[in-house]
J.: 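Please find one structure pasted underneath; my questions will follow.
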Amino acid sequence: MQARSHRVILLTVFVSLLGLQGCSQGHNQGSSTSYFQSVVAWATSLFGRQTSYDLNKVTSQENIIPILIIGSGPAGLGAAIYGARDNIHTLVIEGPTPGGLLMYTTEVGNWGGEKSIQGPEIIQKLHDHAESLGAKFLSDSVEKVDFSQWPFVVNTMNGHQLRALTVIIATGATPKKLKVPGEDTYWGYGVTACAKCDALFFKDKNVVVVGGGDSAVEEALQLINHVNSVTILVRGSSMRAAASSKERIANNPKIKIIYNAQIQEIVGTQGDDHHVTGVKLLNNKTNEVSDMPIDGVFLAIGHKPQTDLFTGQLSIDELGFINTVDCTHATTVPGVFAAGECADHRYRQAWSSGGRGTEAALDALAWLRSIGFNQNIAQQLNVWAPDQSTFDVPDLDSYAHLMQESAKSSKPIVLDFWGPNCPGCLALLPTVKKVAKKRQDTASFFKVNAEGELDTVNDLVVKFKVAKIPTILIFKDGHEATRHVGPLTTTELEQLVDQYS
Ligand code: NDP
């Protein structure tokens, strides 16, 4: 393990020294196939990695995936469309939040060709497109990868061990959060981390941007074209943004900066007109707390690329972004590619991520060709495909129905309070279905449509005082045993259910 870490550190140093990192070195790539052949030769000669890619040996192995994509946001789905379109078996491992951040976004105004579209609809369209071309989807998360052997070994949380000829990493990045009360409640209802996406919805409003880095400046500059005022809340006594950035906002009458300011809580209205109305602000110098009325909170406190899984396996920069080489999506491991926000600290747009995924798939296809992969070989492979049978979680529409189910057995009853217009609920639904299938012998699962018939809402939603969806409520022995509000991974839901089974 230590030897591998040293190898990755060395590799990073070499990548930088040789000028292969980044996209400005003017290397002559020639044809993409010969380019990848040279990358393979380069990495092999330096580190004694895999010296050959023997496709004949691979035909005798099980669980082969020619193109394995980790992540199902725009980058992963863009890659899936291009992989499947080339008639090559392409598997997408969807990850803990299928569809990624867009599933938690409401209106999107900067997706090309759509003046306004819901985030989940973008994902649904991309997913359907990829699926119609033959891409397969696995509702599971990656637990471990081993890129030191080829085919690359990928283990999933649900116990699958897959062997991939190429891997495209599209695990995205998550905006860092403040972790203060109200942040989750109003996420998407006034709290956001993307001015480019959401500034339009704050026309003539007063908003705050949290953070003192270059992103905070960018966010403020995006916002001033739409809003009435922007107040940048900086937790320290100075901004860490570059001097050139700070100059861009200096003396702008619409932008004010408050230093030593920390949000303690985000407050707002409840019910149908659910939105932010203000923040409780701590002055960390004087310890005074004040109420600041505000319409929107834009977080710019950094992003965390979701790349922990790959530490020690390939070159990752000091901020956690995967290093790619020479204007392509190739990583420092030949045959492994990265696209979207896990490798992009600059653009971070859903639209651009879709394009990056496309490029990564084209790179992966070129790399496969460079090692001799063709349709003849493809037909000889023992490819693995996920079980596509779906598991239906029935609806529960009344308290009487719940009582009947409760009388039938002592198994816990898991209620998923959801709504068709709730992005977080749609993201959670595949997880609920998956766990319902796995735990069908030990628990009963039902969906409750909180946006549905008034009787159902009155009978179940009001009775159980469900104030936010998604909510998972476990009912056992005639009583509510526990509940969880908000997103859950498969493992977390399994653990929750197992506590009461
Ligand atoms: P940074 O990490 O540079 O800045 C994050 C900011 O958020 C800091 O001011 C930090 O405060 C603050 N912060 C962190 N956590 C909290 C918290 N819990 N509460 C309040 N404030 C908090 O991230 P950026 O996204 O701004 O930039 C990332 C990288 O991308 C940088 O290298 C930047 O230069 C680059 N970038 C470049 C751009 C450009 O060139 N145009 C545009 C955008 C980004 P503190 O300073 O006290 O730690």
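Ligands are counted one by one from 1 in listed order, and the atoms in each one are counted from 1 as well. Source: prediction; values computed, not measured.
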J.: Classify the contact between Leu178 and ligand 1 as side chain, backbone, both or neither, using a heavy-atom distance cut-off of under 4.0 Å.
T.: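 For Leu178, only side-chain atoms sit under 4.0 Å from ligand 1.
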J.: For Ser237, give me all partners under side-chain contact (heavy atoms from CB on, under 4.5 Å), at least two apart in sequence or on another chain.
T.: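 Applying side-chain contact (heavy atoms from CB on, under 4.5 Å) to Ser237 gives Asn260.
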J.: When you check the gap from the basic side-chain N to the acidic O, do Arg356 and Asp344 get nearer than 4.0 Å?
T.: no
J.: Look only at interatomic distance and state if Gly212 has a nitrogen or oxygen under 3.5 Å from any nitrogen or oxygen of ligand 1.
T.: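 The answer is yes, given that Gly212 and ligand 1 share an N or O pair closer than 3.5 Å.
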J.: If we only count N/O pairs under 3.5 Å, is His345 in contact with ligand 1?
T.: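 N/O-N/O distance below 3.5 Å does not exist for this pair.
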J.: Residues two or more places apart in sequence or in another chain: which of them pass side-chain contact (heavy atoms from CB on, under 4.5 Å) with Arg240?
T.: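 Residues passing side-chain contact (heavy atoms from CB on, under 4.5 Å) with Arg240: none at all.
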J.: Starting from atom 25 (O) of ligand 1, locate the nearest protein heavy atom and write down its residue, its atom name and how far away it is, to 0.1 Å.
T.: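 Closest protein heavy atom to atom 25 (O) of ligand 1: Ser215 OG, 2.5 Å.
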J.: Starting from atom 48 (O) of ligand 1, which protein heavy atom do you reach first, and at what distance in Å?
T.: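 Its nearest protein heavy-atom neighbour is Arg240 NH2, 2.5 Å.
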J.: Using protein heavy atoms only, decide if any is under 4.0 Å from atom 37 (C) of ligand 1.
T.: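 Protein heavy atom within 4.0 Å of atom 37 (C) of ligand 1: present.
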J.: Could you say whether the N/O atoms of Glu218 and ligand 1 ever approach to under 3.5 Å?
T.: yes
J.: I need the contact type for Ser245 against ligand 1. Using non-hydrogen atoms and a strict under-4.0 Å cut-off, is it side chain, backbone, both or neither?
T.: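 Looking at Ser245 and ligand 1, no heavy atom falls under 4.0 Å.
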J.: Taking the basic N atoms (NZ, or NE/NH1/NH2) and the acidic carboxylate oxygens, is any pair closer than 4.0 Å for Glu494 and Lys434?
T.: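 Result for this pair is no, no salt bridge flagged.
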